[in-house]
Amino acid sequence: MEIAKTYNPQEAESKWYPYWMEHKFFKSVPDSRTPYTIVIPPPNVTGVLHMGHMLNNTIQDVLIRRARMRGFNACWVPGTDHASIATEAKVVKLLADKGIKKTDLSREEFLKYALDWKEKYGGIILEQLKKLGASCDWDRTRFTMSEDMSEAVIDVFIDLYNKGHIYRGVRMVNWDPQGMTAVSDEEVVHKEASSKLVFVKYMIEGSKEYITVATTRPETIMGDTAVCVHPEDERYKHLKGKKCIVPVVNRAVPVIFDTYIDMEFGTGALKVTPAHDINDFNLGQKHKLPVIDALTPDGKISEAAGAYVGMDRFAARKQIIKDLQEQGLVEKIEEIKNKIGYSERTNAVIEPKLSMQWFLKMGDVSKPALEAVMNGEVKLIPEKFVNTYKHWMENVHDWCISRQLWWGQQIPAWYDSKGNTVVCKTKAEAVELLKTKNSELKPEEVTQDPDVVDTWFSSWLWPLTVFDPKVIQKGWDNANEDLKYYYPTNDLVTAPEILFFWVARMIIAGKEYTGKSPFSNVYLTGIVRDQLGRKMSKSLGNSPDPLDLIAKYGADAIRVGVLFSSPAGNDLMFDTPLEITDETPLESKYCEQGSKFANKIWNAFRLVKGFEIGKVKQSASAAAAITWFENRFSEQLEIINDQYSKYKMSDALMTTYKLIWDDFCAYYLEAIKPEFVDGKSMPIDPETYYKTISLFEDVLKVIHPWMPFLTEELWHLVNKRGPKDSIMISKWPEVKSTDAKLLKEFEAVKQIVTEVRSIRQKKQISPNEKLEVFEKSDASRSTFDDVVVKLANLSSFSYTKQKVEGATSFMVFTTEFFVPLAKYINSDEEKEKLIKELDYEKGFLKSVQVKLANEKFVSNAKPELVEKERKKESDALSKISSLEEQLKNL
RNA sequence: AGGGAUGUAGCUUAGUGGUUUAAAGCGCUGCUCUUACAAAGCAGAGACCGUGUGUUCGAAUCACACCAUCCCUACCA
């Protein structure tokens, strides 16, 4: 069979993913094995795969594939999140394009459109994950708004309400005028902006005097109900009891005094707009001021404002400034920097707005969740996030959980016409309950709250309800087999930015409903940035489409590429071009390294496959190489396992990479490779051949979590396989005890080989010319002599008790080696080399001797350390005397 | 404004008081198409570990200050 010279990833990817699916290798059902479980952070139904998903899901897949091979019952639960605001916005826009207004539709009609949209587009991202090789149990695919999952959300709402954790009230909330809904504190992104600070004159009633206030939001002037100054402020003390005239609407409002005011800022006078600023609202409460809501929910000037009605808030701002300037009421305008809140979902400027909302009291429920992280029940990786977590949990505000949307779980609160409220599941129950408060109740007047709950109020149940949606109703003790088996899950892999949004809240819900945290470890990935350190985003145009990268380099290469330099919690500076356009080629050195690695392994296979088995005896070098590689493999595997256990993913990958490239390919395969004689390969002995196949299989196994497609392809080529076989379900290799002395000896072999190669390089001696090497030692033979002969291409490797004349020399550890090279020796070069080495050794010796001469070191340092230094000293001395002798002989 | 994190070769990282005078991968330079792989092989150059001051017999590693970058929290109109 002709084997392609280069690995073709596309072919393997299209072959093996369907194979895995067909044989249900991803599927998990409870059994007697120990479970290993990951629930996916459900991507939005509106989402498409981006680099963040790429990183995140590769890590999850590596963890789950390795766990599966280690004999755990591995279960990775996939699914999507309904994303209220984003999805509703998408559907509203889609309808608008068809000329349909949301307000023209009934709730049911709208939800039908939304569901259709979800059916059509909501699964795209999951299909994309398959291209990556994600080994999710697709039979368990969940959706946060499916009927059973939604019912659990409603049950939780009712339960928490009955426990007194949920309340309804008028509060200042973050209003998204584009999404036309409240959003939580966590969904507001504050960004620095340069704004105009407008100094506006407010005339004092019945006087020609005026007071100047500074504002960045002139469009809220119509909502002003006072001007506030500091009671100690000498400039304004005389205004006590006076009123001033609000411009535009010419309303007289009181001048009030409060220590809240910062006298230094602006003019020390603040216009008070209780409906549009949280602090003004508090001031208004304190001073019993009226509230005038000057804005409509969609961010336009309201009827109540009395002027500029219907104008957009930003247009109104400009217009008002212009009009005030014309009236001579603007004293000056300054440019200032301030922070402006934007909606995470729609990017609209957030408007503080008073409104009636539902809240979850966070005080009590958050305590067990804080404790779980502090006492190590939940480990955050890296640990540095514990501080951040603690800070947030100790300063947590009540959570606004209602959203003025239709796409989501409708709040199970019911009202009558007299202002009574009950919380329960069905209208029938509500009627009964309301009757106890209102004896004249007519069933038809009972209405349900039109709002839905925050999406996070549903996804915080994710690790529970993906297994048993009924757990809230039945209680943890009656949970189904799945939940009992898989919960608590093991690892959660997610981005630090949703540590509070989601992770903290899942712990809260887990603690509340099962008494247990939903996972043991939370691995927080870095943020994927470009080479300038900017977060990759659509709007910047610096984010490559992962599918394009996969098409170019192959999925395995990308998986390896993104993890090569991404330690936990540190951002990943990805190296694709700064601007992704159709013209610039999509290039990434990281991915290239990944694809070169795939090709390297592929070619190692080609070599092995080309071996011809013959009736020959195993060579000494092959036997020695096998022993060495078995030891080396175990030694490195132990390190790799340890790195995994510490979630040092990049390190585990790098160690694996070097084990394969350097040890397996560059040393092992070179050592066992049969000789070429007269342009023909000699046959290999069966023992070495079969051992090599088995070692190759071990090597494939340890890289399989990273490169599932390539390894599956080779798994089937390297040996005969049954019809249902897969490397996916093979066993992760065991660590065996290793011979440290032997490993150390081979390190010397590597150095000898390097030294000989270096001599060839310097003397321009062809790699084909065989050389002779002598080791100055009392020994007469050691295990790896034949390996040295082979790798360094020697005619002989022998031992001598005296120095060899007419030879160049080198040292490995403290042993001297000679290479007779009479015709190549150039004593000047030799001298130079020796002097350079001698200088280094003398410098080193000095640094050691300084330490040893220091009495305080000798008396204070641990005895074994002093011993070590003495050993260093004697080694250096022996090297120096040997070097000096060589110099003398030249 | 407050809090936190990070700063080690051109890039990405490892190293958290003494295992050679700082390690690796990529990149770079030079040489080699040697029959698995030029998507390769071989060799080499390259960092006084952000800056400064301390603690210590000894500091990349600990402390303090400063600088830079990033993140989080906060109502400065």
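Just so it is clear, the model here is predicted, and its values are computed rather than measured. Chain identifiers are assigned alphabetically (A, B, ...) following the order of the sequence lines, protein sequences preceding nucleic acid strands; residue numbering begins at 1 within each chain.
- A cation-pi geometry, defined here as NZ or CZ lying under 6.0 Å from the six-membered ring centre and within 45° of its normal, does not hold between Lys879(A) and Phe813(A).
- If you take CD of Glu747(A) and C1' of A23(B), they are 14 Å apart, rounded to a whole angstrom.
- For G41(B) and A60(B), the C1' atoms lie 35 Å apart once the distance is rounded to whole Å.
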* Asked: Tell me, what's RNA chain B's dot-bracket, Watson-Crick or G-U with both distances under 3.5 Å, | for other-strand, [ ] crossing?
  -> ((((((((.[[[[.)..(....]]]].(((((.......))))).....[[[[[..)....]]]]])))))))....

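- For the pair Lys589(A) and C11(B), the criterion of a side-chain N or O lying under 4.0 Å from OP1 or OP2 is not met.
- Atom CZ of Arg760(A) is separated from atom C1' of C42(B) by 11 Å (rounded to the nearest Å).
- Counting non-hydrogen atoms under 4.0 angstrom, Lys871(A) reaches nothing in the nucleic acid.
- No contact: Tyr7(A) has no heavy atom under 4.0 Å from any strand.
- Within the nucleic acid shown, Asp575(A) has no heavy atom closer than 4.0 Å to any nucleic acid atom.
- Within 3.5 Å, no donor on the side chain of Glu755(A) pairs with an acceptor on the base of A43(B), nor the reverse.
- Within the 4.5 Å cutoff, the side chain of Lys589(A) has no heavy atoms near those of the Gln593(A) side chain.
- The side chain of His230(A) contributes no N or O atom lying less than 4.0 Å from OP1 or OP2 of A77(B).
- Of the candidates C70(B), C75(B), A24(B), the closest approach to any side-chain atom of Met654(A) belongs to A24(B).
- The closest donor-acceptor contact from the side chain of Lys353(A) to the backbone of Val173(A) lies at 3.5 Å or more, if one exists at all.
- Across all strands shown, Lys339(A) has heavy atoms under 4.0 Å from base atoms, whether or not it also approaches the sugar-phosphate.
- Using a 4.0 Å heavy-atom cutoff across all strands shown, Glu855(A) reaches no nucleic acid atom at all.
- Neither OP1 nor OP2 of U73(B) sits under 4.0 Å from any side-chain N or O of Lys390(A).
- Taking atom CD of residue Glu867(A) and atom C1' of nucleotide U19(B), one finds them 13 Å apart after rounding to whole Å.
- One atom, CG of Asn860(A), and another, P of G17(B), lie 18 Å apart when rounded to the nearest Å.
- If you check distances only, the side chain of Tyr260(A) does reach the base of C75(B) with a donor-acceptor pair under 3.5 Å.
- The separation between Asp875(A) atom CG and U19(B) atom C1' is 12 Å, rounded to whole Å.
- Contact annotation: Trp661(A) reaches the phosphate of G41(B) (side-chain N/O to OP1 or OP2, under 4.0 Å).
- Heavy atoms of Asn854(A) sit under 4.0 angstrom from primed sugar atoms or phosphate atoms, though from no base atom.
- Contact annotation for Thr754(A): backbone-only contact, meaning every heavy-atom pair under 4.0 Å involves sugar-phosphate atoms and none involves a base.
- Residue-level contact check: His276(A) touches neither bases nor backbone, having no heavy atom under 4.0 Å from any strand.
- For Lys872(A) and U19(B), the shortest distance from a side-chain N or O to OP1 or OP2 is below 4.0 Å.
- One interatomic measurement links the two molecules: CG of Leu791(A) to P of C42(B), which rounds to 10 Å at whole-angstrom precision.
- Contact annotation for Glu670(A): base contact, defined as any heavy-atom pair under 4.0 Å involving a base atom.
- OP1 or OP2 of G25(B) has not a single side-chain nitrogen or oxygen of Lys600(A) nearer than 4.0 Å.
- Judged by the 6.0 Å distance and 45° axis criteria, Lys271(A) is not positioned over the aromatic ring of Tyr202(A).
- A close approach under 4.0 Å does not occur between any side-chain nitrogen or oxygen of Thr388(A) and OP1 or OP2 of U73(B).
- The residue Lys673(A) sits close to a base: some heavy atom pair falls under 4.0 Å.
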